[in-house]
Amino acid sequence: MRDSLPYVLVLYYSRHGATRSMAEQLAAGVESCAGIEARLRTVPPVSPTCEAVDPEIPAEGAIYAELDDLRHCAGLALGSPTRFGNMAAPLKHFIDSTSALWLNGTLVDKPASAFTSTSSLHGGQETTLISMLLPLLHHGMVYAGLPYSEIELMTTTAGGTPYGASHLAGQRSDQPLADAERRLVRAQGKRLARLALALAPLREAAS
Ligand SMILES: Cc1cc2nc3c(=O)[nH]c(=O)nc-3n(C[C@H](O)[C@H](O)[C@H](O)COP(=O)(O)O)c2cc1C
């Protein structure tokens, strides 16, 4: 018998806090759904010259993810700042350590989604979200974007895309989430939680 609730892993990298604030809102969306919880985890920065050895516990924010957090999740939300239209290297570095899970098909049929923050409105939100979708598909995950039944997708003047939630953080990465951005990222968390609960019995039946 399971002694703890299933969880959606909210795995993000954030240097200046914008992606982190999205992660926290997405987690709140997950936890608005009964019977499932959110697990917030981050990844350490990487050094350009050699592998940096960071303290095991980061100074602030979520603790660092371990492969077991991913192995046992019921769903995954992946968050990254946009970096040159792509996900940030620290998150990619962590994803590149997941081949054992890929070999065993551990993540097959689990739902996943992505979210991102940029400094400029047309600075590559969609391309970053798609860059994050690629490894998720290789893992056999079921990608969940944001449906247009979330009406703010049509009206937002900041972030929010059908590929996943996004945030326009401004040049200093200091703009708070706009109301529409917050509602959309929460809706994404709630949807992911519902899908995680719905897909779990299918996976169990197939195993
Ligand atoms: C190396 C680097 C590349 C970046 N590339 C882009 C970009 O392509 N488009 C954009 O709009 N912002 C870009 N930014 C800005 C960040 O995406 C933006 O500040 C983001 O909100 C930071 O998120 P964080 O507060 O979670 O760290 C870049 C920042 C850095 C450091």
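These numbers come from the heavy atoms of this one structure, side chains and all, not from hydrogens, waters or symmetry mates. In this text, all values refer to a predicted model and were calculated from it rather than measured experimentally.
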Item to check | More than 12 heavy atoms of other groups within 6.0 Å of Ile151 CD1 | outcome: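 At most 12 heavy atoms, drawn from other residues, nucleotides or ligands, come within 6.0 Å of this atom.
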Next on the checklist: Please check if the number of heavy atoms outside Arg15 that lie under 6.0 Å from its CZ is greater than 12.
Outcome noted: no
Which donor-acceptor pairs under 3.5 Å do side chains of residues 132-144 form with protein atoms, sequence neighbours excluded?
from: His139; atom 1: NE2; to: Thr98; atom 2: OG1; distance (Å): 2.9
from: Tyr143; atom 1: OH; to: Ala114; atom 2: N; distance (Å): 3.4
from: Tyr143; atom 1: OH; to: Tyr163; atom 2: O; distance (Å): 2.5

To the nearest 0.5 Å, tell me how far [X] [atom1] sits from [Y] [atom2].
| X | Y | atom1 | atom2 | value |
| --- | --- | --- | --- | --- |
| Arg194 | Cys33 | CZ | SG | 7.0 Å |
| Leu184 | Met22 | CG | CE | 9.0 Å |
| Leu146 | Ser113 | CG | OG | 7.5 Å |

Checklist entry - Does a side-chain heavy-atom distance below 4.5 Å link Thr42 with Tyr64? => result yes
Item to check | salt bridge (charged side-chain N to carboxylate O under 4.0 Å, His left out) partners of residues 156-175, not counting sequence neighbours, each pair once | outcome: none
Checklist entry - When you look at Leu11 and Leu76, which way does the side-chain contact (heavy atoms from CB on, under 4.5 Å) test go after all the steps? => result CA-CA 7 Å; Leu11 178 61; Leu76 171 67; 4.1 Å; yes
Item to check | Shared hydrophobic cluster for Leu78 and Leu101 (ILVMFWY, side-chain gaps under 4.5 Å) | outcome: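 Yes, one cluster joins them.
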Any donor-acceptor pair under 3.5 Å linking the side-chain atoms of [Y] with those of [X]?
| X | Y | answer |
| --- | --- | --- |
| Thr128 | Thr82 | yes |
| Thr161 | Glu126 | no |
| Gln125 | Thr116 | no |

Item to check | Stepwise side-chain contact (heavy atoms from CB on, under 4.5 Å) check, Leu202 with Asp109 | outcome: CA-CA 8 Å; Leu202 295 181; Asp109 289 347; over 6 Å; no
Checklist entry - Hey, which of Gln25, Gln175, His167 is the one that makes side-chain hydrogen bond (donor to acceptor under 3.5 Å, both in side chains) with Glu181? => result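 Passing option: His167.
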Whether the side chain of [X] engages the backbone of [Y] through a donor-acceptor N/O pair (distance < 3.5 Å, no angle test) should be reported.
| X | Y | answer |
| --- | --- | --- |
| Ser166 | Gly160 | yes |
| Ser14 | Arg20 | yes |
| Tyr7 | Asp69 | yes |

